[in-house]
Amino acid sequence: MRISRLVTRTLRDDPPEAETASHRLMLRAGLIQQVAAGVYAYLPLAWRSLQKIEQIVREEMDAAAGQELRMPALQPLELWEQTGRNAAFGDNMFRLDDRRGRPLALAPTHEEVVTNIVKGNVQSYRDLPVILYQMQTKFRDEPRPRAGLVRVREFTMKDAYSFDADDDGLDGSYQAMAQAYRNVFRRCSIPVVMAEADSGAIGGKDSHEFLLPTDTGEDTVITCPNCAYAANAEKAEGVYPEQERPDPLELEEVSTPGIKTIAGLAEFLGVPESQTLKAVFYAADGEVVFATIRGDLDVNEVKLKNALHCNELRLAEDDEVKAAGLVAGSTSAIGITNIRRIADPSISKGGNFVVGANKEDTHYRNANYPRDFEADMITDIALAQPGHLCMHCGSTLESTRGVEVGHIFKLGTFFSEALGAYYLDTDGQQQPITMGCYGIGVSRILAAAIEQNHDERGIVFPPPIAPYQVYLVGLNMSDESVAEAAGDLYDRLWAAGIETLFDDREDAAAGVKFNDADLMGLPVRLVVSPRNLRQSSVELRGRTDEDSEMVPLGDVVEAVRGMMGTG
RNA sequence: CGGGGUGUAGCGCAGUGGCUAGCGCGCCACGUUCGGGACGUGGAGGUCGGUGGUUCGAAUCCACUCACCCCGACCA
């Protein structure tokens with residue numbers, strides 16, 4: 001490609017709306033253009049890179065026995081009713097009607113369709129296992145798109161689905177996919193953390209996310225610096241500091257005028273926060289529920305949602321709290337019987353707690369479970385935090401932000417049972433197929449790779465996913481000898497299979513070309529100029545090299561190959 | 001959905017009631033330059049997001065509305 005013919009142009013200044021490095025650099029280098037909120041056009045440079053990413057993913061999926069296919073993005077809504085996911089996705093799914101008024105969906109994912117395909121083709125255990133995958137556009141009506149390609153409403157995903165006879169088979173498919181994912185991210189120069197993740201309301205047992213640790217990420221990952229433990233904060237379990245269980249003292253009412261928060265309460269009464277109990281009210285599918293946890297801990301809303309088996313969970317509104325007869329700021333489980341009470345096991349780690357008295361400006365001292373109050377359910381709803389201890393090795397846990405680039409799930413038989421995908425086992429008995437699903441955000445890989453690989457001058461493309469390998473600069477293109485030598489070199493590079501972007505602009509100053517070369521971040525830069533031609537040489541330089549080297553014109557192809565490690 | 005903000009030329013921005021709406025970059029033509037974002041001369045380019053209103057007169061004031069950005073909520 002000649003830059004004089006390239007449709008895109010680079011931006012001299014940083015776009016003011018872009019906060020993250022990948023967003024900023026992709027806009028500046030002319031990789032993407034926004035069409036609507038969370039909707040982007042992939043411009044020619046980005047598209048070349050994305051196709052390379054897709055090819056890497058394809059190679060690894062094929063190596064893991066995946067079979068590529070392509071399913072429709074446009075799907076009958078009826079299919080989503082059969083699994084109950086029309087409701088589960090809610091406003092996140094794009095819906096439309098056709099000319100006959102039949103409801104359709106733009107697919108956010110493809111479990112329903114792929115399960116139906118397999119249902120029609122797999123009948124016996126002899127047909128299993130099967131792994132199907134596709135590169136497909138997904139549509140999700142995200143409430144708030146952000147950070148360029150990181151969170152968008154239309155994006156390219158590689159989604160794979162495994163079909164096995166039983167859990168052992170699923171374990172094998174799951175491990176194969178996990179390894180394929182590690183290979184993909186390594187080849188794209190994205191150093192991922194594989195973290196335990198929440199499997200969602202419908203998911204089965206295991207689930208792992210692959211995250212690029214970066215401050216601009218949306219997810220919080222809890223990691224152990226000592227052992228391999230890593231988990232999304234939604235899922236993470238930690239050991240919080242244990243406390244003695246003191247001899248129970250008598251319940252005692254105290255006046256706490258104006259105290260509304262745990263921190264204020266602890267300070268006012270001179271006790272540590274861990275000697276208080278915190279009460280939080282949620283609306284679970286509209287029902288007000290009451291959650292209790294030790295005052296120094298926070299509620300993990302994902303764990304709570306899973307425990308309650310509800311679709312929607314949010315903090316209760318003030319009027320809902322009031323209607324339930326609760327006194328915000330001074331609530332406790334003592335005496336509460338008319339609503340569901342969920343408690344974290346931490347309420348019995350320690351004792352003689354300070355709790356609310358369900359009266360304005362009043363608390364109790366010395367509350368103890370179960371002497372003074374009860375719960376309908378006791379289950380882990382605590383948010384693991386840095387400073388808590390690793391439950392595997394006891395080290396102090398750390399926390400980092402991350403961008404999720406891949407996610408794998410063990411689905412079990414939810415979809416096969418809902419959609420009737422069964423096979424006959426060796427005894428001739430009908431069994432539901434055991435499924436797994438595996439997603440990679442292809443367009444998000446591009447963003448993550450740039451987030452990880454850039455410097456103050458621009459992108460530093462990992463060679464396997466660079467749009468071109470070589471940025472060929474012609475200086476003084478109006479000089480015929482330069483134009484001829486550079487044009488000839490350009491043809492020879494392509495003839496040798498080296499993808500080259502040729503900066504043949506006659507009207508751009510040297511500085512403009514060098515800055516654009518750095519911004520676009522192709523791995524190798526070549527410079528043809530009158531000065532270099534006097535030595536019958538060109539200048540060769542890697543994107544991150546301090547210095548360049550002079551290479552005789554005839555040796556350039558070999559030198560480039562050597563620099564790319566393919567010679 | 002709550003909070004904050006922005007919509008004026010391809011991009012970035014200025015313009016608080018008064019003549020033909022301006023600046024920088026970019027773009028076109030000619031000339032001079034030519035190794036890290038050159039210079040001169042001359043040009044092209046705008047329903048001031050939209051609708052309605054106030055006014056002799058609106059980019060500017062008012063109302064409504066749409067779009068986009070940031071924070072949060074949300075997020076298989």
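Just so we're on the same page: letters track the sequence lines, and every chain starts at 1.
- Contact check on A:Lys235 versus A:Asp198 returns no salt bridge, with no Lys/Arg side-chain nitrogen under 4.0 Å from an Asp/Glu carboxylate oxygen.
- If you measure from atom CD of A:Glu218 to atom P of B:A76, you get 12 Å, rounded to the nearest angstrom.
- With A:Glu218 as the partner, the salt bridge (Lys or Arg N to Asp or Glu O under 4.0 Å) test is satisfied by one option alone out of A:Arg146, A:Arg144, A:Arg401: A:Arg146.
- Atom-to-atom, CD of A:Gln34 to P of B:C68 comes out at 8 Å; the value is rounded to the nearest Å.
- In this entry the distance linking CZ of A:Phe210 with P of B:A76 reads 19 Å, nearest Å.
- Side-chain contact of A:His407 with A:Glu404: a donor-acceptor pair under 3.5 Å is present, judged by distance alone.
- B:G52 and B:C62 make up a base pair, with Watson-Crick or G-U wobble contacts both under 3.5 Å.
- Within the 4.0 angstrom heavy-atom criterion, only backbone atoms of the sugar-phosphate kind lie near A:Pro16; the bases stay farther away.
- For A:Thr137, the side chain to side chain donor-acceptor pair (under 3.5 Å) test picks out no residue, with sequence neighbours left out.
- Between the P atoms of B:A9 and B:C13, the separation comes to 11 Å (whole Å).
- Comparing the P positions of B:A14 and B:U33 gives a spacing of 39 Å, expressed to the nearest Å.
- Contact annotation: A:Arg12 does not reach the phosphate of B:G12 (side-chain N/O to OP1 or OP2, under 4.0 Å).
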(request) Sugar-phosphate means primed atoms, P, OP1 and OP2; the rest is base. With that split, encode nucleotides 31-36 of chain B 5' to 3' as B, S or - using protein heavy atoms under 4.0 Å. (result) ---BBB

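- One can place CG of A:Leu6 at 18 Å from P of B:G26, the figure rounded to the nearest angstrom.
- Taking the C1' atoms as reference points, B:G7 lies 14 Å from B:G46, given to the whole Å.
- Rounded to whole Å, the P atom of B:G5 lies 24 Å from the corresponding atom of B:C11.
- Comparing the P positions of B:G12 and B:A73 gives a spacing of 29 Å, expressed to the nearest Å.
- Here A:Arg85 pairs with A:Glu112 in a salt bridge; the nearest charged N to carboxylate O distance falls below 4.0 Å.
- Across the P atoms, B:C64 and B:G3 are found 14 Å apart, a figure rounded to whole Å.
- For A:Glu111 and A:Thr109, the side-chain atoms include at least one donor-acceptor pair closer than 3.5 Å.
- At a threshold of 4.0 angstrom between heavy atoms, the contacts of A:Arg9 are confined to the sugar-phosphate backbone, with no base atom among them.
- The separation between A:Glu142 atom CD and B:G72 atom P is 15 Å, rounded to whole Å.
- Comparing A:Thr10 and A:Glu111 by the nucleotide of RNA chain B that holds the closest heavy atom to each, the one mapping nearer the 5' end is A:Thr10.
- Separation of the C1' atoms belonging to B:U20 and B:G57 is 15 Å when rounded to the nearest angstrom.
- Computed from coordinates, the A:Arg153 CZ to B:C69 C1' distance equals 14 Å when rounded to whole Å.
- A:Asp504 and A:Ser4 are linked by a side-chain donor-acceptor pair at a separation below 3.5 angstrom, with hydrogens and angles left out of the test.
- For A:Asp14 and B:C69, the CG to P distance is 18 Å, given to the nearest whole Å.
- Of the P atoms belonging to B:A59 and B:U54, the separation is 16 Å, rounded to the nearest Å.
- For A:Lys410 and A:Tyr174, the positive end sits near the middle of the six-membered ring, less than 6.0 Å away and at most 45° from its axis.
- Residue contacts shown for A:Arg28 include a base, since a base heavy atom lies under 4.0 Å away.
- Within 4.0 Å (heavy atoms only), A:Arg151 reaches at least one base atom of the nucleic acid.
- The base of B:A76 sits within donor-acceptor range of the side chain of A:Arg85, with an N or O pair under 3.5 Å.
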